[in-house]
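The basis for the numbers below is simple: all heavy atoms, side chains too, and nothing from hydrogens, waters or symmetry mates. Counting from 1, the numbers follow the sequence of the chain as shown.
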Amino acid sequence: MRKCLKLLLSINFGVSMKTTISVIKADVGSLAGHVKVPKELIEVCENSLSQALKEGVIKDFYIASCGDDIDLIMTHDKGEDNPAIHELAWKTFKAAAELAKRRHYYAAGQDMLAEAFSGNVRGMGPGVAEMEIVERPSEPIAVFACDKTSPSAFNLPLFKIFADPFNSAGLIIDPKLHDGFRFEVYDVEKNMRILMSCPEEIYDLLALIGMSSRYLIKRVFKKDGNLAAVVSTDKLSKIAGRYVGKDDPVAIARAQSGYPAMGEILEAFAMPQLVPGWMRGSHRGPLIPVSQRDAHPTRFDGPPRIIALGFQVSEGKLLGPVDLFDDVAFDYSRRKAIEICDYIRRHGPFEPHLLSPEELEYTTLPLVTEKLKGRFEPVGKP
Ligand code: F6R
Ligand code: MG
Ligand code: MG
């Protein structure tokens with residue numbers, strides 16, 4: 001009935017149908033340590049989402065993986081935070097986790113922090129990036145998935161894409177981009193958020209998002225209110241109160257016709273920025289843009305990596321994907337990243353390869369330093 005009404009409205013009054021893109025990810029077990037999602041776990045997810053497709057719960061899906069994380073990319077018409085979609089993701093991951101446990105895959109069920117589903121996967125372990133949009137006549141999007149890093153890895157590239165004309169030529173050249181964008185930033189310490197407008201507030205925005213361990217870009221909007229990008233900002237350690245694996249993030253960005261061109265979006269990843277999350281979630285390393293083929297981090301459990309999948313969203317269907325970093329033009333970025341790996345690895349257990357004490361709070365390091373506490377004595381006046 002609701003569907004018929006929606007259809008009638010769209011025909012008679014020109015009301016555009018909305019499509020929701022939900023990207024929900026979790027690490028439920030992997031092969032040979034934290035390296036790669038086993039094929040049979042992907043197959044379990046495929047069966048689960050195929051069934052949901054048949055039942056009309058979702059309109060389309062694609063399952064990707066980056067390292068030890070499974071990324072469910074789904075389209076539907078139910079809006080963001082929809083219980084049916086979140087339950088589907090939860091059940092899908094649960095089924096994969098059960099097989100992972102039976103087969104003794106590594107860290108089986110790692111990100112399934114809750115016993116039972118309670119309406120929304122947020123706060124239960126999986127990471128979520130969702131976007132409800134009115135499809136444009138042609139709707140290109142990029143879906144990003146990372147491994148061995150945290151949501152802060154998107155601060156720098158999203159700033160470049162939506163606020164830096166040295167990255168995105170369209171901010172100057174295209175009148176449809178010239179007004180700039182608004183950034184929604186989360187303070188993950190205080191659980192607060194702020195909306196900031198660029199280019200007007202570029203310096204203030206940078207004053208916050210440069211401190212990327214605390215301030216995270218959650219969403220980017222066009223000035224007319226349309227959503228441009230969204231990142232999963234779920235922090236596993238904050239949910240569990242201890243180190244349980246990392247918050248390897250996912251993100252969605254809209255491209256072209258009033259949004260940055262796909263190439264402007266990808267250009268922001270050509271510089272292999274240093275991000276946290278390498279080895280034991282305790283080290284900084286360069287974020288390498290790789291093809292799906294190379295999304296299996298092995299060297300020192302890394303280095304951190306990111307894949308990008310390009311789709312056309314077409315009446316709720318996902319056409320594609322294009323494996324966007326599978327381009328020789330990113331070879332130099334990859335080589336550069338590997339050089340940085342060699343350099344930074346030589347710091348061994350020292351900062352800045354090692355994260356700062358605040359960032360290490362939720363790793364296993366405090367368990368080691370704790371036992372030295374009683375041996376400290378006051379230094380006295382210098
Ligand atoms: C997991 C990760 C890895 C692990 C490391 C130790 O995504 O980043 O670097 O932290 O392999 O893992 P455990 O403690 O499971 O032996
Ligand atoms: Mg893992
Ligand atoms: Mg991972």
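Val231 and Phe221 fall into different hydrophobic clusters, where Ile, Leu, Val, Met, Phe, Trp and Tyr residues are linked whenever their side-chain heavy atoms come under 4.5 Å apart, directly or through other members. Cluster membership for Val230 and Tyr215, using ILVMFWY side-chain heavy atoms within less than 4.5 angstrom, is not shared. Note on Leu266 and Leu177: same hydrophobic cluster, where clusters join Ile, Leu, Val, Met, Phe, Trp and Tyr whose side-chain heavy atoms are under 4.5 Å apart, directly or indirectly. Placement of Met74 and Val28 within a single hydrophobic cluster is found when ILVMFWY residues are connected by side-chain heavy-atom separations under 4.5 Å, directly or transitively. Under the 4.5 Å side-chain heavy-atom criterion for ILVMFWY residues, a single connected hydrophobic cluster contains both Ile265 and Leu171.
Judged purely by atom type and a 3.5 angstrom limit, Asn155 uses its side chain to pair as donor or acceptor with the backbone of Ile209. In this structure, His86 contributes its side chain and Pro83 its backbone to no donor-acceptor pair below 3.5 Å. Between the Arg284 side chain and the Pro352 main chain, a donor and an acceptor come within less than 3.5 Å of each other. At least one donor-acceptor pair closer than 3.5 Å links the side chain of Arg136 to the backbone N or O of Gln256. Judged by distance alone, the side chain of Glu370 and the main-chain N or O of Leu367 form no donor-acceptor pair under 3.5 Å. Judged by distance alone, with hydrogens and angles left aside, the side-chain atoms of Lys336 form no donor-acceptor pair with the main-chain N or O of Pro272 at under 3.5 Å. Within the 3.5 Å criterion, the main-chain N or O of Asp60 finds a donor-acceptor partner in the side chain of Thr75. In this structure, the side chain of Glu80 engages the main chain of Glu132 through a donor-acceptor pair within 3.5 Å. Here the side chain of Lys160 pairs no donor or acceptor atom with the backbone of Glu267 at under 3.5 angstrom. Using a distance-only test at 3.5 Å, with no hydrogens or angles considered, no donor-acceptor pair links the side chain of Ser30 to the main chain of Lys36.
The nearest pair of heavy atoms linking Ala100 to Gly29 is CB-CA, 4.3 Å. Of all heavy-atom pairs spanning Arg334 and Pro289, the tightest one is NH1-O, 2.9 Å. Ser232 and Gly127 get closest at one heavy-atom pair: CB-C, 4.1 Å. Glu359 and Thr363 make their closest contact through O-CG2, 4.2 Å (heavy atoms, listed as atom of the first residue, atom of the second, distance). Taking every heavy atom of both residues into account, Pro165 and Ile172 meet most closely at CB-CD1, 3.5 Å. Considering all non-hydrogen atoms of both residues, Pro303 and Pro297 come closest at O-CB, 4.1 Å.
Summarising the geometry, atom CE belonging to Met131 is positioned 4.0 Å from atom CG belonging to Leu227; distances are rounded to the nearest 0.5 Å. How far OH of Tyr62 is from CG of Asp71: 10.0 Å, rounded to the nearest 0.5 Å. Here the CZ atom belonging to Arg305 is positioned 12.0 Å from the CG atom belonging to Asp248, to the nearest 0.5 angstrom. One finds the CD1 atom of Ile338 at 15.0 Å from the CZ atom of Arg345 (value rounded to the nearest 0.5 Å). The CG atom of Asn82 sits 9.5 Å away from atom CG of Asn120, with the distance rounded to the nearest 0.5 Å. The CD atom of Gln273 sits 7.5 Å away from atom OG1 of Thr149, with the distance rounded to the nearest 0.5 Å.
Here the side chains of Val250 and Val143 are not in contact, with every heavy-atom distance at 4.5 Å or above. Under the 4.5 Å side-chain criterion, counting only non-hydrogen atoms from C-beta, Phe117 is not in contact with Lys94. The shortest side-chain heavy-atom distance between Phe93 and Met124 does not fall under the 4.5 Å cut-off. Counting heavy atoms from C-beta outward, Arg299 and Cys341 have side chains that approach closer than 4.5 Å.
Looking at residues two or more places apart in sequence or on another chain, you find a ring pair (Phe, Tyr, Trp, His ring centres under 6.0 Å) between Phe181 and Phe162. Judged as a salt bridge (Lys or Arg N to Asp or Glu O under 4.0 Å), and not counting sequence neighbours, Asp294 has no contacts. Taking Glu200 as the reference, Ser197, Lys223 meet the side-chain contact (heavy atoms from CB on, under 4.5 Å) condition, with sequence neighbours excluded.
Lys25 pairs with exactly one of Asp68, Asp147, Asp247, Asp69 by the salt bridge (Lys or Arg N to Asp or Glu O under 4.0 Å) rule, that one being Asp69. Checking Asp164, Asn167, Val220 one by one against Phe159, the side chain to side chain contact (heavy atoms under 4.5 Å, CB included) holds for a single residue, Asp164.
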I would like to know whether Ile217 and Phe154 meet side chain to side chain contact (heavy atoms under 4.5 Å, CB included); could you show each step before the answer?
-> CA-CA 7 Å; Ile217 297 176; Phe154 282 104; over 6 Å; no

Taking it one step at a time, do Ser22 and Thr20 satisfy side-chain hydrogen bond (donor to acceptor under 3.5 Å, both in side chains)?
-> CA-CA 6 Å; Ser22 295; Thr20 310; 6.0 Å; no

Are Ser333 and Phe269 close enough, and set up right, to give a side chain to side chain contact (heavy atoms under 4.5 Å, CB included), and what steps lead you there?
-> CA-CA 8 Å; Ser333 307; Phe269 297 90; over 6 Å; no

Trace of the side chain to side chain contact (heavy atoms under 4.5 Å, CB included) decision for Leu365 with Ser282 | CA-CA 9 Å; Leu365 191 62; Ser282 311; over 6 Å; no

List the atom pairs, with distances to 0.1 Å, where a side-chain N or O of residues 41-52 and a protein N or O form a donor-acceptor pair under 3.5 Å, not counting sequence neighbours.
from: Ser48; atom 1: OG; to: Thr92; atom 2: OG1; distance (Å): 2.6
from: Ser50; atom 1: OG; to: Glu46; atom 2: O; distance (Å): 2.6
from: Gln51; atom 1: NE2; to: Glu55; atom 2: OE2; distance (Å): 2.8

Per-pair distances, 0.1 Å, donor-acceptor, side chain in residues 306-324, under 3.5 Å, sequence neighbours excluded:
from: Gln312; atom 1: NE2; to: Ser138; atom 2: OG; distance (Å): 3.0
from: Lys317; atom 1: NZ; to: Lys59; atom 2: O; distance (Å): 2.8
from: Asp323; atom 1: OD1; to: Gln292; atom 2: N; distance (Å): 3.3
from: Asp323; atom 1: OD2; to: Gln292; atom 2: N; distance (Å): 2.9

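Classification of Arg214 and Asp187 as a salt-bridged pair holds, one side-chain N sitting under 4.0 Å from a carboxylate O. Salt bridge annotation for Lys78-Glu130: absent, with no cationic side-chain nitrogen under 4.0 angstrom from a carboxylate oxygen. In this structure, Asp301 does not pair ionically with Lys148, as no charged nitrogen and carboxylate oxygen lie closer than 4.0 Å.
Using a 30° and 60° split on the angle between ring planes, Phe325 and Phe144 fall in the tilted class, from 30° to 60°. Using cut-offs of 30° and 60° for the angle between ring planes, the His353 and Trp278 rings count as perpendicular.
The 12-atom threshold is not exceeded at CZ of Arg193, counting heavy atoms of other residues, nucleotides or ligands nearer than 6.0 Å. The number of heavy atoms from other shown groups lying within 6.0 Å of CG (Asn191) does not exceed 12. No more than 12 heavy atoms of other residues, nucleotides or ligands sit less than 6.0 Å from atom OH of Tyr343. Within 6.0 Å of NE2 in His178 there are 12 or fewer heavy atoms belonging to other residues, nucleotides or ligands.
Residues in residues 257-266 take part in these side-chain hydrogen bond (donor to acceptor under 3.5 Å, both in side chains) pairs, two or more places apart or across chains: Arg254-Tyr259.
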